[in-house]
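Any value given below was found using the heavy atoms of this structure, including those in side chains, with hydrogens, waters and symmetry copies removed.
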Amino acid sequence: MSPTVRGADLAEAARVAAAALTLDASEAPGLVRRLAEPPADRRWTALATDGGVVMTSVSSRDPEVGHLDLLAVHPSVQGRGHGRALVGAAEEWLRGHGVRQARFAGNPPCYAWPGIDVRYTAAACLAESLGYERYHVAWNMTADLRADLSVEDDLARLEQAGVTVRAAGADRSAVAAFVEEHWNERWAWEAANATGLHYAERDGRVLAFAAWGARPAWFGPMGTAPDARGLGLGGVLLRRCLAEQRAAGQESAEIGWVGPLRFYSRAVGARAERVFWLYRRDLA
C-alpha cells in the first residue's frame with residue numbers, strides 16, 4: 001500500500017528533516033523555516049507522510065517550471081516507498097498549478113541546495129529511477145573560518161580612496177536597489193533577507209555588496225559594480241562577512257553555488273568541496 005500523503009505540519013517536517021538529512025542535520029530545521037517564508041509571490045506547498053516530507057514550489061521566473069526544494073524520509077521508514085509517494089504527490093500538485101517540468105534544483109532566491117548533493121546517493125537514485133535526467137552540475141566551496149580574516153589595512157587604504165565599508169542596518173533598501181539594478185531581483189531579495197549584509201560606498205553611492213545567511217549559514221551572494229572593480233572590495237566584504245559568521249559560532253562557511261573558484265581560493269583559501277547534481281523531468 002502506498003503511504004498516505006497529506007499537508008505537512010512544519011514542526012514535524014523540521015524534525016524529520018533533521019533526522020534524515022545527515023549532512024545538514026544542524027541546519028535542517030532552519031531550511032524548513034526558510035522555505036516556508038519565500039518571496040510573497042511564490043506558490044509553494046509542503047506535503048507529508050508518516051515520517052517523510054517534501055517541499056515544492058513554482059518558479060517565479062518560469063511558471064511552467066516547478067522545483068522539489070526539499071525531500072526527506074526519516075531513517076526509521078526508509079525503503080517503504082515514502083520518497084516515491086512524496087515525489088508523486090509533489091508532481092501532482094505542480095501539474096495542478098500549470099507546471100510542465102519538475103526539477104530537483106534550487107529555486108532562487110529561496111532554496112535549500114542547488115540540486116541533490118552527490119553524497120545523498122539514495123536521493124539521486126530515486127530521481128533517476130523516476131525518470132529524471134541529470135542536466136547540470138553545481139558546486140560549493142568551503143572557507144575555514146580559523147583563517148586570518150582581518151581587513152584593517154584594507155579599510156585604511158580604501159578610506160584614502162574615499163571608500164567606506166559598512167554593515168547594513170535595518171533599512172537595506174538602497175543596497176537592495178543597487179543589487180537589483182546591477183544583477184537581478186532574486187539577489188536583491190537575498191540581500192534584503194540575509195542575516196548579515198555589508199557594502200562599500202563612495203559619496204553616497206553603493207559600489208559593492210556581500211551577504212551571508214540568506215540561505216541559512218551559507219555565504220553569498222556578493223558583487224561589485226563594473227566601474228568599481230580593481231579596488232579589492234570583494235575580498236574585503238567577503239572577509240567581513242566570514243568574520244561575522246565566525247562570531248556567530250561557525251567554524252566554517254559554505255560559499256554557495258560558486259562561479260569564480262579562483263577568487264575565493266585566493267582570497268580566503270576556500271576549497272571546492274560539495275558537488276550537486278541538478279535533475280529535471282517533463283510532466284505529462
**Message:** Evaluate R146 against E251 for salt bridge (Lys or Arg N to Asp or Glu O under 4.0 Å), listing each step before the verdict.
**Reply:** CA-CA 7 Å; R146 296 172 297 181; E251 295 182 357; over 6 Å; no
**Prompt:** Salt bridge or not for R100 and D62, using N-O below 4.0 Å?
**Reply:** no
**Prompt:** Would you call E190 and R215 a salt bridge, taking side-chain N to carboxylate O under 4.0 Å as the test?
**Reply:** no
**Complete:** Sequence neighbours excluded, the answer for side chain to side chain donor-acceptor pair (under 3.5 Å) partners of R274 is D24, D117, E254
**Asked** Would one find more than 12 heavy atoms of other residues, nucleotides or ligands at under 6.0 Å from atom CD of E159?
**Response** no
**Asked** So, the side chain of T56 versus the backbone of H67: is there a donor-acceptor pair under 3.5 Å, distance only?
**Response** yes
**Request:** Mark yes or no for whether Y264, through its side chain, and A143, through its backbone, hold a donor-acceptor pair below 3.5 Å.
**Result:** no
**Fill in**
For F209 and P221 the tightest heavy-atom approach is CE1-O, 3.4 Å
**Request:** Please report the closest heavy-atom contact between N107 and S60, naming both atoms and the distance.
**Result:** OD1-N, 4.4 Å
**Fill in**
In this structure, NE2 of H74 is separated from CG of D50 (nearest 0.5 Å) by 12.0 Å
**Request:** Run the salt-bridge test on D203 and R205 with the 4.0 Å N-O cut-off and return the result as yes or no.
**Result:** no
**Prompt:** Parallel, tilted or perpendicular: which fits the ring planes of H182 and F178, with parallel below 30° and perpendicular above 60°?
**Reply:** tilted
**Asked** So which heavy atom on N193 is nearest to which on R34, and how close?
**Response** O-NH2, 3.2 Å
**Request:** Spell out, yes or no, whether W183 and W212 are grouped together once hydrophobic residues are joined by side-chain heavy atoms under 4.5 Å, including indirect joins.
**Result:** no
**Prompt:** Is L23 reachable from L31 through a run of hydrophobic residues whose side-chain heavy atoms are each under 4.5 Å from the next?
**Reply:** yes
**Item:** Side-chain touch L207/Y199, heavy atoms, less than 4.5 angstrom
**Value:** no
**Prompt:** How close do A191 and V179 get, heavy atom to heavy atom, and via which atoms?
**Reply:** CB-CG2, 4.3 Å
**Prompt:** Taking all atoms of both residues into account, what is the closest heavy-atom pair of H82 and V77, and its distance?
**Reply:** ND1-O, 3.6 Å
**Message:** Looking at R202 and A161, would you say the former's side chain and the latter's main chain have a donor-acceptor pair under 3.5 Å?
**Reply:** yes
**Asked** So if you build clusters from Ile, Leu, Val, Met, Phe, Trp, Tyr with side-chain heavy-atom gaps below 4.5 Å, do L158 and L237 land together?
**Response** yes
**Asked** Hey, are D69 and S57 close enough side-chain-wise for a donor-acceptor pair under 3.5 Å?
**Response** yes
**Request:** State whether W44 and R42 meet the cation-pi test: NZ (Lys) or CZ (Arg) under 6.0 Å from the six-membered ring centroid, and within 45° of the perpendicular axis.
**Result:** no
**Prompt:** Just how far is it from atom CZ of R281 to atom CD of Q101, taken to the nearest 0.5 Å?
**Reply:** 10.5 Å
**Asked** For residues R84 and S129, is any side-chain donor paired with an opposing acceptor at under 3.5 Å?
**Response** yes
**Item:** More than 12 heavy atoms of other groups within 6.0 Å of R266 CZ
**Value:** no
**Message:** Quiz question: by atom type and distance under 3.5 Å, do the side chains of R43 and H97 form a donor-acceptor pair?
**Reply:** no
**Item:** Over all atoms of both residues, closest heavy-atom pair of A72 and A20
**Value:** CB-CB, 3.8 Å
**Message:** Is there a continuous path of hydrophobic side-chain contacts, each under 4.5 Å between heavy atoms, that joins W257 to W189?
**Reply:** no
**Request:** Please tell me if the side chains of R15 and D9 come closer than 4.5 Å, counting only heavy atoms from C-beta onward.
**Result:** no
**Prompt:** Between R33 and L10, is any pair of side-chain heavy atoms under 4.5 Å apart?
**Reply:** no
**Fill in**
When rounded to the nearest 0.5 Å, the distance separating CG of D154 from CG of L231 is 11.0 Å
**Request:** Let me see the working for V54 and V5 under side-chain contact (heavy atoms from CB on, under 4.5 Å), right down to the final yes or no.
**Result:** CA-CA 10 Å; V54 64; V5 180; over 6 Å; no
**Prompt:** Do V99 and W93 come within less than 4.5 Å of each other through their side chains, counting heavy atoms only?
**Reply:** no
**Asked** Hey, what do you get for CD1 (I255) to CG (N140), rounding to the nearest 0.5 Å?
**Response** 8.5 Å
**Prompt:** For the atom pair CZ (R166) and CZ (R240), what is the distance rounded to the nearest 0.5 Å?
**Reply:** 10.0 Å
**Item:** Test item: R246 side-chain N/O and L145 main-chain N/O as donor-acceptor pair under 3.5 Å
**Value:** yes
**Item:** pair L278-R280: side-chain heavy atoms closer than 4.5 Å
**Value:** no
**Message:** For the CH2 atom on W139, are there more than 12 heavy atoms of other groups (residues, nucleotides or ligands in this structure) within a distance under 6.0 Å?
**Reply:** no
**Prompt:** With a 4.5 Å limit on heavy-atom distance, are the side chains of V53 and L86 in contact?
**Reply:** no
**Request:** Indicate yes or no: at least one non-hydrogen side-chain atom of Y279 is less than 4.5 angstrom from one of L130.
**Result:** no
**Message:** Is the shortest side-chain heavy-atom distance between M141 and F219 below 4.5 Å?
**Reply:** no
**Prompt:** Once you round to the nearest 0.5 Å, how far does CG of L94 lie from CZ of R103?
**Reply:** 12.0 Å
**Asked** Taking atom CG of D41 as the centre, does the number of heavy atoms from other residues, nucleotides or ligands within less than 6.0 Å exceed 12?
**Response** yes
**Prompt:** Any chain of hydrophobic side-chain contacts (each under 4.5 Å) joining L238 to V151?
**Reply:** no
**Fill in**
With sequence neighbours left out, the residues meeting ring-ring contact (aromatic ring centres under 6.0 Å, His included) with F104 are Y132
**Message:** Can a donor-acceptor pair be found, under 3.5 Å and without considering hydrogens, that links the side chain of R186 to the backbone of R61?
**Reply:** no
